[in-house]
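See below for the structure under consideration.
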Amino acid sequence: MEQIAALLVSAHIIGDFALQPKFMAENKQKPVVLLLHAAIHATLAWALCLCWTCWIIPVSIFIAHGVIDLLKQRNGMKPSTSFIIDQIAHIIFLLLLAGVLSQLLSLPVLPDLYYKGVVLSAGLVAATRGSGFLVGLVTREILDNNNLKPEGLIDGGQLIGLLERGLIFLFLLIGQPMAIGFLVTAKSILRFEEAKQQPFAEYILIGTLLSFALAIALSALAIRVASPGT
């Protein structure tokens, strides 16, 4: 069950954060776009699980993913809360599906290298793009609520966050977590002038801590799941 659950969740992460372009994320209120998005998830999960005769995987994911995303558009919550609840709902469904599949079917034994590659790839996507999406929602709400207008390059902060979380994943993967401390120090020096202003200091601190915490947690989880015997 553990392997199939990890692959289903990995497929979801890749489908939501690597294979969902901006226009699709912003237009899922349109039925065609929503169905296409659900179809991508269903096909990807079916392909990654290598269980070609198991039609319950694509059919159930296509229906469930579409329904969950449809409900997300109508819940009326603030974006960050809606995002978290949406992701939890998807993952709970996939874990339940994995449990059902393990009871009903004889699932194929997957090559170790293939399994690790898929899980680590999904872990990298989750740590960089997935957590970045949540950080972006939270910091945007802070800016809007406090009437703050930070200066800098367009999407510069987003790119910096993406790179720093990618480095965190790499440091943990090669067994050098201490290097994360140097990354924090370097970012603190570069942000020193902005941090002199109290509102921006708090904004930067919240965004940085949230970004680092999510990247460390998701990277460590992916590495642990990819090597369950270690």
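Atom set for the values below is all heavy atoms of this structure, side chains included, hydrogens, waters and symmetry mates excluded. Just so it is clear, the model here is predicted, and its values are computed rather than measured.
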Exercise. Examine distances only and state if a side-chain atom of Tyr114 and a backbone atom of Leu48 form a donor-acceptor pair shorter than 3.5 Å.
Key: yes
Exercise. Search all heavy atoms of Val119 against all heavy atoms of Ser10 and return the closest pair with its distance.
Key: CA-OG, 3.7 Å
Exercise. Verify the neighbour count for atom CG of Leu113: are there more than 12 heavy atoms of other residues, nucleotides or ligands below 6.0 Å?
Key: no
Quiz item: Can you name the nearest heavy-atom pair linking Leu172 to Ala220, along with the distance?
Solution: CD1-N, 4.1 Å
Exercise. Is it possible for you to say whether Val125 and Phe83 belong to one hydrophobic cluster, with membership spreading through side-chain heavy-atom contacts below 4.5 Å?
Key: yes
Exercise. Find out whether Val32 and Asn27 are in side-chain contact, i.e. whether some heavy atom of one side chain is under 4.5 Å from a heavy atom of the other.
Key: no
Exercise. Please name the pair of heavy atoms, one in Ile4 and one in Cys49, separated by the smallest distance, quoted to 0.1 Å.
Key: CD1-SG, 3.4 Å
Quiz item: Taking C-beta and beyond as the side chain, do Asp16 and His37 meet within less than 4.5 Å on heavy atoms?
Solution: yes
Self-check item: salt bridge (charged side-chain N to carboxylate O under 4.0 Å, His left out) partners of residues 102-115, not counting sequence neighbours, each pair once
Solution: Asp112-Lys116
Quiz item: So which pairs with a foot in residues 163-176 pass salt bridge (charged side-chain N to carboxylate O under 4.0 Å, His left out), sequence neighbours left out?
Solution: Glu164-Lys187
Quiz item: Considering all heavy atoms of both residues, which atom of Gly123 and which atom of Ala222 are nearest to each other, and what is their separation?
Solution: CA-CB, 3.5 Å
Quiz item: Tell me, do Thr128 and Phe17 make a side-chain contact under 4.5 Å, heavy atoms counted?
Solution: no
Self-check item: Side-chain (Gln73) to main-chain (Lys28) donor-acceptor, under 3.5 angstrom
Solution: yes
Quiz item: Hey, does Leu7 have a side-chain heavy atom less than 4.5 Å from the side chain of Leu110?
Solution: yes
Quiz item: Does a side-chain heavy-atom distance below 4.5 Å link Thr43 with Phe62?
Solution: no
Self-check item: Ile206 with Leu214, same ILVMFWY side-chain cluster at under 4.5 Å
Solution: yes
Quiz item: Hey, are the side chains of Phe171 and Ser219 touching, using non-hydrogen atoms and a 4.5 Å cut-off?
Solution: no
Exercise. Any chance you could lay out the side chain to side chain contact (heavy atoms under 4.5 Å, CB included) test for Tyr115 and Val225, step after step, and finish with the verdict?
Key: CA-CA 10 Å; Tyr115 172 75; Val225 172; 3.5 Å; yes
Exercise. Write down the atom of Ala45, the atom of Ile61, and the distance for their closest heavy-atom approach.
Key: CB-CD1, 3.4 Å
Exercise. Using the rule that two of Ile, Leu, Val, Met, Phe, Trp, Tyr join whenever any of their side-chain heavy atoms come within less than 4.5 Å, decide whether Leu218 and Ile91 are in one cluster.
Key: no
Quiz item: Any idea how His65 and His12 line up, ring-wise: parallel (<30°), tilted (30 to 60°), or perpendicular (>60°)?
Solution: tilted
Practice problem: Specify whether His90 and His41 have parallel, tilted or perpendicular ring planes, treating 30° as the upper limit for parallel and 60° as the lower limit for perpendicular. | Solution: parallel
Exercise. Step through the shown structure and confirm whether more than 12 heavy atoms of other residues, nucleotides or ligands are within 6.0 Å of CZ on Phe133.
Key: no
Identify every side-chain donor-acceptor pair in residues 95-105 under 3.5 Å, counting partners at least two apart or on other chains, and give the distances.
residue	atom	partner	partner atom	Å
Ser102	OG	Ala98	O	3.3
Ser102	OG	Gly99	O	2.7

Quiz prompt | Side chain proximity check, Phe169 to Leu120, heavy atoms < 4.5 angstrom | solution = yes
Self-check item: Residue pair Leu19 / Pro21: nearest heavy atoms and the distance that separates them
Solution: O-CD, 3.5 Å
Practice problem: First locate atom CD1 of Ile14, then atom CD1 of Ile40, and finally report the distance between them rounded to the nearest 0.5 Å. | Solution: 13.0 Å
Quiz item: Of Thr139, Leu137, Ile142, which is the lone residue that meets side chain to side chain contact (heavy atoms under 4.5 Å, CB included) with Ser80?
Solution: Leu137
Self-check item: Cluster link Leu210 to Ile84, ILVMFWY, side chain under 4.5 Å
Solution: yes
Self-check item: Non-hydrogen side-chain atoms of Gln87 and Leu134 separated by less than 4.5 Å
Solution: no
Self-check item: same_hphob_cluster(Ile63, Leu35) at 4.5 Å side-chain heavy-atom cutoff
Solution: yes
